[in-house]
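So the structure is just underneath, and the comments pick up after that.
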Amino acid sequence: MFFPEYRARRLRRNDNLRRMVRETHLRVEDLIYPMFSAFGRNIRKEIPSMPGIFQQSVEHIVTEAKEVHDLGIPAVLLFGIPEAKDPVGQDAYNERGIIQETIRAIKDAVPDLTVITDVCLCEYTDHGHCGVIRDGDVDNDETLQLLAAEALSHARAGADIVAPSDMMDGRVAAIRELLDANGFSHIPVMSYAVKYASAYYGPFRDAADSTPQFGDRRSYQMDPANRREAFREATLDEQECADFLMVKPALAYLDILRDLRERFDLPLVAYNVSGEYSMIKAAAEKGWIDEERVMMETLLGMKRAGADLIITYHAKEAARLLR
Ligand code: PBG
Ligand code: ZN
């Protein structure tokens, strides 16, 4: 292939040709929309750093869930903001907890919408860490039982998929075992397998009210510098029978998505996190970028890197453009 006989521009001449040779496609089926369910009634509070995203009480969540379903988006990811927090995050595994009530309400009103639940304790603990504290750090093995109980209680309330995001060792196996022992062997585990200790979660912590009250999450979330460690984390979760693997955040970790795509056969999920969303919104508000085009290019980049699915706060806007 040499110029001038070969000319790459021949296949870019018009829209039909470009469509015919396009290698990657973003589809509405690829999108998962995160939602924040707040305890109380008649609450609909926009998160200042995440325009268009709300903390809302169940009745508003149900309304938005219908809208999400009507747009053709197959699934939502739920986070709960409980009435009260305590050292062991009891609301997380309470049958009448915020997320359990929300799951029931959504499944009742929009049964065809797939409900994925975030399984973690940081939204429910008063110290804001993802597990139980012993001697100033999160105790791994003690936390496992609580996470498994949380996942089971989500499944009992009607969750279709559980997604542990805590980064404790052994949690996928602990959850799988308890689900199977209680008649939920059909419920998949979407593991946040490769989750980095990232500053990109900042806006989310306002949204979920889950900022650690002391220290940070670096004793359980991964060091952003590490690539080989991502293989080890993903391998462990695969061995523990995770059904999906996730990489989070997405934008600064597209190389990790590509790596996992090449090494693992499981469906791969990218989490386009809060800070990534906020940056696009802020730049667009200033008139510095074309919001729609940058959003679609960003999501397409995640698919091209190897993601099958993308969890994104842009899901509704993207779905409207994909119709
Ligand atoms: C809870 C959790 C976090 C996110 C998803 N689940 C925050 C964290 O680990 O601090 C981040 C999502 C986002 O930034 O959009 N463990
Ligand atoms: Zn957490």
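In this text, all values refer to a predicted model and were calculated from it rather than measured experimentally.
Following chains of ILVMFWY side-chain contacts shorter than 4.5 Å, one cannot reach I289 starting from M302, and the two form parts of different hydrophobic clusters. Both V194 and F264 belong to a single network of hydrophobic side chains, linked directly or stepwise wherever heavy atoms of I, L, V, M, F, W or Y lie under 4.5 Å apart.
R261 and D308 are joined by a salt bridge, as a carboxylate oxygen and a charged side-chain nitrogen come within less than 4.0 angstrom of each other. Salt-bridge annotation for D255 and R227: absent, with no side-chain N of the basic residue lying under 4.0 Å from a carboxylate O of the acidic one. Taking the charged nitrogens against the carboxylate oxygens, E317 and K281 do have a contact shorter than 4.0 Å, which makes a salt bridge. Using a 4.0 Å cut-off between a side-chain N of Lys or Arg and a carboxylate O of Asp or Glu, K303 and D30 qualify as a salt bridge. Between D243 and R176 there is a salt bridge, since a side-chain N of the basic residue sits under 4.0 Å from a carboxylate O of the acidic one.
Remark: side-chain polar atoms of D290 are paired, donor with acceptor, to backbone N or O of R293 under 3.5 angstrom. S278 places a side-chain N or O within donor-acceptor distance of the main-chain N or O of S49, the cut-off being under 3.5 Å. Using modelled atom types, one side-chain atom of R258 and one backbone atom of A305 make a donor-acceptor pair closer than 3.5 Å. Side-chain atoms of E276 come within 3.5 Å of backbone N or O of L251 as a donor-acceptor pair. Remark: the backbone N or O of H127 is not paired with any side-chain donor or acceptor of Q213 at under 3.5 angstrom.
Here the side chains of S191 and E238 are not in contact, with every heavy-atom distance at 4.5 Å or above. Counting heavy atoms from C-beta on, the side chains of I103 and H154 come closer than 4.5 Å. Using a 4.5 Å heavy-atom cutoff, the side chains of C130 and V138 are not in contact. In this structure, the side chains of T298 and I280 come closer than 4.5 Å at one or more pairs of heavy atoms. Residues I73 and I32 form no side-chain contact, since every pair of their non-hydrogen atoms from C-beta on lies 4.5 Å or further apart.
Between H129 and F214, the distance from one ring center to the other falls under 6.0 angstrom.
For L299 against N272, the heavy-atom pair with the smallest separation is CD2-OD1, 3.7 Å. Scanning all heavy atoms of the two residues, the minimum distance from P249 to Y196 falls at CD-CB, 4.2 Å. Of all non-hydrogen atoms in P111 and D108, the two that sit nearest each other are CD-O, 4.0 Å. The heavy-atom pair separating Y201 from V273 by the smallest distance is CE2-CG1, 3.9 Å. Summarising the geometry of P212 relative to G215, their closest heavy-atom pair is CB-O, 4.1 Å, with the distance given to 0.1 Å. Shortest non-hydrogen contact noted between A318 and L31 is CB-CD1, 4.0 Å.
Relative to the ring axis of Y200, K248 does not place its NZ or CZ within 45° and under 6.0 Å from the centre. With F184 as the aromatic partner, R156 does not meet the cation-pi criteria of under 6.0 angstrom to the ring centre and within 45 degrees of the ring axis.
Side-chain N/O atoms of S153 and E95 include no donor and acceptor closer than 3.5 Å. Donor-acceptor pairing under 3.5 Å is lacking for the side chains of N94 and Q90. Side-chain atoms of S57 and E59 form a donor-acceptor pair, as typed in the model, at a separation below 3.5 Å.
Counting non-hydrogen atoms of other residues, nucleotides and ligands closer than 6.0 Å to CZ of R10 gives a total above 12. The environment of D265 atom CG is sparse: at most 12 non-hydrogen atoms of other residues, nucleotides or ligands sit within 6.0 angstrom. The neighbour count for R18 CZ, taken as heavy atoms of other residues, nucleotides or ligands under 6.0 Å away, is above 12. Enclosure of atom CZ in R304 is not indicated, since only 12 or fewer non-hydrogen atoms of other residues, nucleotides or ligands lie within 6.0 angstrom. No more than 12 heavy-atom neighbours from other residues, nucleotides or ligands sit within 6.0 angstrom of CD on E297. Heavy atoms from other residues, nucleotides or ligands lying under 6.0 Å from CD of E292 number 12 at most.
Each of F204, Y124, Y33 was scored for a ring pair (Phe, Tyr, Trp, His ring centres under 6.0 Å) with F79, with one residue passing: F204. Between S165 and the choices R171, K195, Q221, the side-chain contact (heavy atoms from CB on, under 4.5 Å) rule is met once, by K195. Checking each of I116, V115, T114 against L77 for a side-chain contact (heavy atoms from CB on, under 4.5 Å) leaves exactly one that passes, namely I116.
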Exercise for review: For the pair F36 and F54, evaluate ring-ring contact (aromatic ring centres under 6.0 Å, His included) and give the outcome as yes or no after the intermediate values.
Suggested key: CA-CA 7 Å; F36 300 96; F54 297 80; over 10 Å; no
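Among residue pairs with one or both ends in residues 115-136, those qualifying as salt bridge (Lys or Arg N to Asp or Glu O under 4.0 Å) are R134-E142; sequence neighbours excluded.
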